[in-house]
Asks: 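Have a look at this one before I ask anything.
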There are 2 protein chains.
Amino acid sequence: MPKIVDHEQQKIKVAEAAWRVIRQSGIENASVRNVAQEAGISPGSMRHYFSTQSELFLFSMNLVSERANARIAALSFDRPMPEVVRDMMRELLPLNEEKRSEMEVWLAFMSRSIWDAALHDLANRVYEEMNQGMIRTVAALAEQGLVRKELDAEEEGRRMQVFVDGIALHGLLYPERMTPEYMERLLDQYLEELYRK
Amino acid sequence: MPKIVDHEQQKIKVAEAAWRVIRQSGIENASVRNVAQEAGISPGSMRHYFSTQSELFLFSMNLVSERANARIAALSFDRPMPEVVRDMMRELLPLNEEKRSEMEVWLAFMSRSIWDAALHDLANRVYEEMNQGMIRTVAALAEQGLVRKELDAEEEGRRMQVFVDGIALHGLLYPERMTPEYMERLLDQYLEELYRK
DNA sequence: TCCTTTTTAATACACTCGTATTATATAGGT
DNA sequence: ACCTATATAATACGAGTGTATTAAAAAGGA
């Protein structure tokens, strides 16, 4: 029998190499050769895991959202709801190097998804996930009486999403101006106002 | 004497061709040849106006912000301030095809500015402009008594900027979900809350 | 009409691209 | 120890890349 290599593990290794190349020099330079070199394997070998560059991109993009989901799922939920909500939203901001890294790559893929049809579905799927998550969060806050029961959960959920993504975007594009501290400040201000509604 | 061609006009023609290529197939495909073809001139001829691709990108990116500035400057300012403010902010959202086009290109350049040092300065300059504009707007509203005088103009200006950019981002990335109507709705809600402060 | 300066076009160079094909090395079951 | 399925590597191909160089065309003043 042949040499057995954990296929999925190898794909992840390559995808993470792609992340690093994208962060360093953009998607336009994430060529098969550059990514393979960053991953420490030969281009020919890489094609064994991703038969096409498009597959690699899709997998890499998907891995970003999986990582974020995993981090959120790993939070402890048996705490006061405001604490949980705050922590959830903090996972959607580039507050540390790990999250900044992932989100920079995510932005690159999202920006590309505007014209690259291969990424379009995944982009919309993740949006929908996030959207449902936010709406359910607001609805849960309403049920617990932490916000007005009449508050439109769908509407407020979308506002929440827009505001958090706005903070994250500024954090990525203008890191000197939008520091982690300021991001948290804006987030906390938003939540405080929300709880007054 | 030689054939005289309006140099600046020609550069603009080429830059707009670059926009179209970028919208259609991304910056990664905005090669010298592709842009020249879209502009209807030869690649060799194009190098007469932009001796390097980097120059073309910088000029194209700058032209986007100039166009937005021009549109804002063209607004009539002898109206009630809330109307003016609303119209100003509407210019920062992809509410029609023209603005959507420019902003898609702008997003591509901003995304690239994360790793492309050549675009970094322009990106920050435009941020600063926008930032000052928002802060002065809030301050002016405070002076007119339209918002609380104690309101921190700098803080609220940044919140405004984050929220507007968040709406615009969603408008670009999720046009089916974030329609022009919904963008205006979110904007008006924000302004209404602002005037209650 | 001719001449000079600018604009345009064409071609070339070295390099990188995505992908396909082919050959080599590797490691487990018999 | 050998065999075989798998993983890795190397090479090739046609096409596209940014940029430089060189030649042709064009148009207004003399």
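What's counted below: heavy atoms across the whole structure, side chains too, no hydrogens, waters or symmetry copies. In the text below, chain A, chain B and the rest are named by the order of the sequence lines, each starting its count at 1.
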Asks: Which listed nucleotide (D:dT8, C:dT7, C:dT19) is nearest to the side chain of A:Ser45?
Replies: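 Out of D:dT8, C:dT7, C:dT19, the nucleotide with an atom closest to A:Ser45's side chain is D:dT8.
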
Asks: Quick one: which of C:dA9, C:dC17, D:dA7 gets closest to the side chain of A:Asn34?
Replies: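 So the nucleotide nearest the side chain must be C:dC17.
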
Asks: Nearest 0.5 Å please: distance from the CD atom of A:Glu104 over to the OG atom of B:Ser111.
Replies: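 Going from CD on A:Glu104 over to OG on B:Ser111, the span is 9.0 Å.
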
Asks: Let me know the distance between CD1 of B:Ile27 and P of D:dG18, rounded to the nearest Å.
Replies: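 Going from B:Ile27 (CD1) to D:dG18 (P), I get 12 Å.
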
Asks: Name the nucleic acid region contacted by A:Ser42, choosing base, sugar-phosphate or nothing; use a 4.0 angstrom heavy-atom cut-off, strictly under.
Replies: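 The answer is base, as A:Ser42 lies within the cut-off (heavy atoms under 4.0 Å) of a base atom.
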
Asks: Which heavy atom in B:Trp115 sits nearest to a heavy atom in A:Arg23, and how many Å separate them?
Replies: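 What the structure gives for the nearest pair is CB-O, 3.7 Å.
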
Asks: With a 4.0 Å limit, can you tell me whether A:Thr52 has a side-chain N or O closer than that to the phosphate oxygens OP1/OP2 of C:dT19?
Replies: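 So the side-chain polar atoms of A:Thr52 do come within 4.0 Å of the phosphate oxygens OP1 or OP2 of C:dT19, strictly under.
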
Asks: When the distance from CD of A:Gln10 to P of D:dA7 is rounded to whole Å, what number comes out?
Replies: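 Those two atoms, CD and P, are 9 Å apart.
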
Asks: Expressed as a whole number of angstroms, how long is the span from B:Met46:CE to C:dA10:P?
Replies: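 Going from B:Met46 (CE) to C:dA10 (P), I get 16 Å.
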
Asks: CD of A:Glu154: more than 12 outside heavy atoms within 6.0 angstrom?
Replies: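 No, the 6.0 Å shell around CD holds no more than 12 heavy atoms from other groups.
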
Asks: Would one find a side-chain N or O of A:Ser31 under 4.0 angstrom from OP1 or OP2 of C:dT16?
Replies: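 Negative; the distance criterion is not met.
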
Asks: Could you check, using the six-membered ring where one of them is a Trp, whether B:Tyr182 and B:His170 have ring centers closer than 6.0 angstrom?
Replies: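 No.
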
Asks: Tell me: NZ of A:Lys11 to P of D:dT8, nearest whole Å?
Replies: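 In whole Å, D:dT8 P and A:Lys11 NZ are 14 Å from each other.
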
Asks: Look at the side chain of B:Tyr49 and decide which nucleotide, out of C:dT8, D:dT8, D:dG18, has an atom nearest to it.
Replies: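 Per side-chain heavy atoms of B:Tyr49, the pick is C:dT8.
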
Asks: Do B:Arg33 side-chain and D:dG18 base share a donor-acceptor contact under 3.5 Å?
Replies: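 Yes, the side chain and the base share a sub-3.5 Å donor-acceptor pair.
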
Asks: A:Lys13 has an atom NZ; how far is it from atom P of D:dA7, in whole Å?
Replies: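 Those two atoms, NZ and P, are 13 Å apart.
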
Asks: Is the shortest side-chain N/O distance from B:His48 to OP1 or OP2 of C:dT7 below 4.0 Å?
Replies: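 For C:dT7, OP1/OP2 do have a side-chain N/O of B:His48 under 4.0 Å.
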
Asks: Select one nucleotide: of D:dT19, D:dA7, C:dT7, the one nearest the side-chain heavy atoms of B:Val32.
Replies: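 Out of D:dT19, D:dA7, C:dT7, the nucleotide with an atom closest to B:Val32's side chain is D:dT19.
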
Asks: Rounding to an integer number of Å, can you tell me how far B:His7 NE2 sits from C:dT6 P?
Replies: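 Rounded to whole Å, this separation is 11 Å.
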
Asks: Please give, in whole Å, the distance from D:dA10 P to A:Gln37 CD?
Replies: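 It is 13 Å, rounded to the nearest whole Å.
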
Asks: Measure the distance from CD on B:Glu55 to C1' on D:dG18 and round it to the nearest whole Å.
Replies: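 Rounded to whole Å, this separation is 13 Å.
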
Asks: Looking at every heavy atom in both B:Met110 and B:Met61, which two are closest together, and how far apart are they?
Replies: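 Closest heavy-atom pair between B:Met110 and B:Met61: SD-CE, 3.9 Å.
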
